[in-house]
Amino acid sequence: MASSSNSSAPKIMVSTSTSFVQNTFKYDVFLSFRGEDTRKNFVDHLYHALTDKGIYTYKDDEKIQKGKRISDDLIKAIQDSKFYIIVFSKNYASSSWCLEELVKIMECHKMTGHTAYPVFYDVEPTEVRKQTGAVGEAFAKHEKEEAAGKWRDALKELAEMAGWELKNTLDGHEAKFIKKIVQEISLELRSISSGFDEKLVGMETRVRDVISSLEIGIDKVRMIGIKGMGGAGKTTTARAVFDHLSNDFEAKSFVGNVREVSKASMFGLKNLQEQVLSNVLNEHVTLDSVNDGKNMMKRRMCGIKVLLVLDDVDHIDQLEALAGEPKWFKPGSRIIVTTRDEQVLVAHRVNLIRDIDLLSDKEAICLFSRYAFGREIPSQGYEELSGKVVRYAAGLPLTLKVLGSFLCGKDKLEWVDAIDRLKRIPLKETLGKLELSYMSLEEDDYKEIFLDIACLLKGQTKEDAIRILESCGFHARNGLKVLEQRSLITFEQKSLTEHISSEYDQLVLGMHDHIEEMGKNIVRREHPDEPNKHSHLWIDEEIEDILANDMGTEATRCLRLDMSRGNSRILMSGLGKMKKLGYLEVKFASLRYQKTSDAECLDDTSQYFTNSLKYLKCCWYPFLYLPKTFQANNLVGLEMKFSTRMVQLWEEGETKVLKKLKFLSLSQSKLTTFDFRITPNLETLYLEFSCKLVELCMPVSCQKLKHLNIFGSKLITFDLGLTPNLETLSLSNCTHFVKLQVSVTCPNLKFLDICGSRLRSLDLELIPNLESLNLEYSSELVEINAPVGRLKKVGYLNLSGCLRFTYFVFCDRSEPTVSCSSATLDLTGEFLDLCPLHPNSILPKLRFRCLYGENLPSSVGNIEKLISFGLCACTDLKKISDIICSLQCIQKLTLQCNIPAFPEDLRQLECLEELCLYSTKIKHLLDSICMLKRLKSLTLNNGYRLEEPEGLLEKLPEDLGQLECLEKLYVSSKKIEYLPDSICMLKRLKSLNVTDCCRLGKLPEDIGQLESLETLALWATMIKHLPDSICMLKHLKFLNLSLCTLLEKLPEDLGRLECLKALDITHTGISHLPQSIFGLKRLLIAAPPELLQLYVFPSEIKTNVLDINICMTGRYFEDADVDMNVVDSEANQGGDALPSVGVVVESLSEQNTSIAQDIGQSDETCATNTASNANGIDPTFLEALPADLRAERVLAALPPDIQAEVLAQQRAQRVAHQAEGQPFDMDNASIIATFPADLREEVLLTSSEAVLSALPSPLLAEAQMLRDRAMRQRTSSALLESLKMKDVEGDPLLDPDALKSLIRLLRLAQPLGKVLQG
């Protein structure tokens, strides 16, 4: 953006419409500038450079006709101009004429067809946006003028737009800078005026994208590639770009059909070199050889700025002969290469590779209609038929053009016939072009892999496809990469909700419908009427006919069949003649459609499965065993999904060793045991949901086994010593599992899932490379032995649902940067009455919610320390304290628990910068807090939600002033009576927030020594007077005295606070304002209406009758980075300057709902205050409302124009934070993290996706876990539970506390109260 210090040229914005607006303007460019600064230098040079380029430019001293009013001519010229270039110089803002001109320009800019670009000549964008520096000095003379507000808005709005900054562009060289501006404007104008062939739908967007990639204007040689499938529009796009840009280059050459011409004869490449040289040198060139051509191109072209297009390249030799190296060309040259093979571009080290985008549905219907009907939409009555054609074409321009031309002029019956024919006979013209990519595959294996995917494997995950192809003997990974580079296949993201354990789990094999059709056509065309001779079979009707009539042949290599409709035994018996069948996929009828007798109908002689099979995949296999005649001596992969009747692989008494088997999956089988001795080379075994499985019969060692998943079995123990090379082990939901034996080192084990087990202890000492550990809902787990450093590679750990932790998910470990090593810990504890595992223990019983994240070296060992104090509820508080204090690199620590003392030796946390302590049982804080030399933020919240007075924090440490780095201090305790005098030593303190300290009677007299203080909030205290030294706080911006009911006056010298922006004295005893305050500028005062009515305030001071608590704490202005100039701008437009609704609501939501009772304010007082402000909103009423209703009530009370302004302000804040890559309101995460467990659970369960998306990963993970658990357990809503609804007659619907709150709410809500009284 131009507003940043490193601004770049504006990006060309394109429209996705199928047409564009032609140039209807009188002037191409309007120049706005301050004459005394730039008329005779920069602007003069820019003007002549534009006109020399043929750009019709308006400049006021050239175009204003004598005798006419300048303003009339300017307004007309602005309206008649396409582009506006505003040259911001130091004195631009001093001219009201320039500012009025700017306002008009911005009005036109918002209209279709006009675009404004700022040029920052000798000022910075921030100076223009905030009116500071030279711009601020120039604008100062207009401060009191009526139009100052709209001028300020116009300056800010334009300064935030993309533009050019001289200082940061081309090293500040004016000549080069002007040249760049002219090039950009010229390019924009050419795209508007030149246009494209009206039949090239969507081309404008694609051309603009390619031009953007070329980075025209950068003085370097740049080569880009355009790749895509045949018929997608690569050549058309390249030609359009070539035509569009050719005038900007000294020479040009478009070389078409490189592949075809270079292979047409032995002189093909030499002929292409002669074509390029002749075009570039503008003379006839004859070469002796390709080497001669290379030498000549190096020698003759290096001094010419060339635009070269090489179309349809398919071999690196072609690129080496025609564009060997960048040094062949003059800087500024551009080379565009189109190809179907990405590897050619990669090997030649092309700067950038772009995929050609297929047409959207809207573009496709438009392109088809232009060829079929000569218009942009289908003719009446042909809409549905046109839709069918477009769906068949699937975005491929070539197909749309061919079919559109073919169907042009035909009647509906002919259309229907042609569309039906396409289902049986593919379009030859399209398939012929697509098949070139298939024919160019050098290896037969790649062609076979392509046909397997086209006929059978499209839609499989990448990992499944690799397993199947490798089982069939292919080098699958290389093959898939080649096909992807040739644009024959794609990999699409698939959304998964489960924990991802493989890099390919989310990738699904995709293929364009026409390429799939082409592959199937290749298989069918040699024997179109004899499917039994096809290598691949996938059409159920054809396969059933072949099998039922015993017509199988050795030609068939791969087969996929849905048998759910036919007789399984009869159809399977027909497979025997397919002697070379390597891949078989069969879907049988689901269990409810199978007959019980089917399980025993396989005979002992029929050859159901051929012995050539390498991969067998069955779904709903209806038999008890594999066929006796099936030797399976070539079988590499066996996948039996939903094999609910299968009791063993082989019939009892029969033993066949599957020597080649590497992958075996038997889900939902009835196996009770599995014998590894029959699969000596097995690498992967999945036995999910085999709920009868009780035993694994293993030999001395299973050396080859890498992946084992026994989800939901009855297995009791497992010995890892028998599987030394195991990488993944899942015993999830094995509810009988009690022991994992680790007798030898397991260096390869990375993923271990034992969630939902009855495991009591787990030893990880011999598992050094673990990356993922899931122990969720292991409710009997007591101990994990993990020495420090043993979990150094763990990136995912889940202990949620254990006795120790209600929630503990650690994920996304990241190594630290050179300058940043940090960790955060948020620990919330709740007491239990009993530990189920140790009912007689005298130790306190505690469960924790733990949020931990780190960016640390893997050897630190914080994770191991956190789980080292045991996993049952019995808690040694001293041990926990020591563990917390031993954690390394902790920057933020939050502890929320009603324990009698916080950790004793906090000074060990040398890196701690933010500390939040919440407890209702602590009276005194340990002095060790004062030793935290790096502490920047301290929050002490001492149970403001509880009503009992005993056990609350009585005082702060006397040496608190030793925290020399402290910037923020938040204190809330009903027993604190004073702040220690040492607090005045905190020279870096910026924010002091003393909330709900209802016994605090005074402030330190020397509080004025807090020289950095910007925010002072003394909400709901008993302070009677403010020290005079408070007037020495030169940087104070926000002063909140709300609910200080005993405070009767402000210091007379309060006006010395020159930086003060907001003052809240609502609900205080203050009856007059000091005279000095009226000299402050840009001040917002919140006060009772009866006090505000006593004064006439100057225009620089705005007033409000609402509390502005959140503004006073500084969050609104600091976190949202609100420019105070914006507040001034809004103020100058009239009306009270209200904070945003979200700000008011957030401030009120933080206040205690029992404020009125706490400060002894009667309902009559509330009513009086309300009566004096009939048109306002009673703040006490707002305090009692839920946050969402409060927001609606506040917003509804605002005038319509203010409502619109507030909503616009909120949108602007969101956009600003999203542009910086930050969530809109990160405070929400902090607030939610401090909630009690039940309230936090309710919030996370009921929050919208928009709220969840702004949360950090630990809270997001907690929300997902809670929602998953709620779905599984079908628990009732926490909200309904809190109402405590009774079924027993006579009991109240609500409990007493809830009923009391409801009555109070009704009494405070005046309209509802009147209805009740009536």
[X] versus [Y], closest heavy-atom pair with distance:
X	Y	answer
Lys714	Val694	CB-CG1, 3.8 Å
Leu781	Ser761	CD1-N, 3.8 Å
Pro724	Ser701	CD-OG, 3.6 Å
Thr806	Glu830	CG2-OE2, 3.6 Å
Leu846	Gly829	CD2-C, 4.2 Å
Asn898	Phe831	O-CE1, 3.3 Å

Interatomic distance, [X] atom [atom1] to [Y] atom [atom2] [nearest 0.5 angstrom]:
X	Y	atom1	atom2	result
Asn941	Leu917	CG	CG	10.0 Å
Glu967	Leu986	CD	CG	11.0 Å
Leu851	Thr824	CG	OG1	8.0 Å
Leu759	Glu783	CG	CD	11.0 Å
Ser973	Leu940	OG	CG	9.0 Å
Lys739	Asp763	NZ	CG	10.5 Å

Main-chain N/O of [Y] paired with [X] side-chain donor or acceptor, under 3.5 Å:
X	Y	answer
Ser982	Glu958	yes
Thr745	Leu766	no
Glu688	Asn709	no
Ser800	Glu776	no
Glu864	Arg790	yes

Q: Take Glu780 and Arg758, measure what salt bridge (charged side-chain N to carboxylate O under 4.0 Å, His left out) needs, and give me the verdict at the end.
A: CA-CA 6 Å; Glu780 297 185 21; Arg758 296 179 58 191; 3.6 Å; yes

Kindly indicate whether the side chain of [X], heavy atoms from C-beta on, has any atom under 4.5 Å from the side chain of [Y].
X	Y	result
Phe751	Asn774	no
Leu696	Ile710	yes
Lys968	Glu914	no
Cys874	Ser841	yes
Leu731	Ser757	no
Leu773	Leu762	yes
Leu705	Leu722	no
Leu887	Leu866	yes

Q) In terms of the angle between their ring planes, are Phe663 and Tyr686 parallel, tilted or perpendicular, with boundaries placed at 30° and 60°? A) perpendicular

Q: Assess whether side-chain contact (heavy atoms from CB on, under 4.5 Å) is satisfied between Tyr852 and Leu827, documenting all intermediate values.
A: CA-CA 8 Å; Tyr852 176 76; Leu827 204 60; over 6 Å; no

**Q.** Step-by-step side-chain contact (heavy atoms from CB on, under 4.5 Å) determination, Glu910 to Arg934
**A.** CA-CA 7 Å; Glu910 298 178 350; Arg934 297 186 181 182; 5.7 Å; no

Q: Check each of Thr728, Asn769, Asn725 against Asn748 using the side-chain hydrogen bond (donor to acceptor under 3.5 Å, both in side chains) test, and report the only one that passes.
A: Asn725

Q: Sort out for me which residue in Thr875, Asp882, Asp876 forms a side-chain hydrogen bond (donor to acceptor under 3.5 Å, both in side chains) with Lys878.
A: Asp882

(Q) Quick one, Phe848 with Arg804, criterion side-chain contact (heavy atoms from CB on, under 4.5 Å). Give me CA distance, side-chain angles, the key distance, then yes/no. (A) CA-CA 6 Å; Phe848 292 96; Arg804 168 66 67 202; 3.8 Å; yes

Atom [atom1] of [X] with >12 non-hydrogen neighbours under 6.0 angstrom:
X	atom1	result
Lys933	NZ	yes
Lys750	NZ	no
Lys706	NZ	no

Residue from [options] passing side-chain contact (heavy atoms from CB on, under 4.5 Å) with [X]:
X	options	result
Cys930	Leu925, Asp959, Leu906	Asp959
Ile867	Leu775, Ile784, Asn785, Ile883	Ile784
Leu729	Ile754, Leu740, Thr723	Leu740

Q: Answer yes if the ring centres of Phe810 and Phe808 are under 6.0 angstrom apart, and no otherwise.
A: no

Q. Could you go step by step and tell me if Phe711 and Ser732 meet the side-chain contact (heavy atoms from CB on, under 4.5 Å) rule?
A. CA-CA 5 Å; Phe711 180 99; Ser732 177; 3.3 Å; yes

Q) Using 4.0 Å as the upper bound for N to carboxylate O, is an ion pair formed by Asp826 and Arg849? A) yes

(Q) Side chains of Thr461 and Glu463 only: does a donor on one sit below 3.5 Å from an acceptor on the other? (A) no

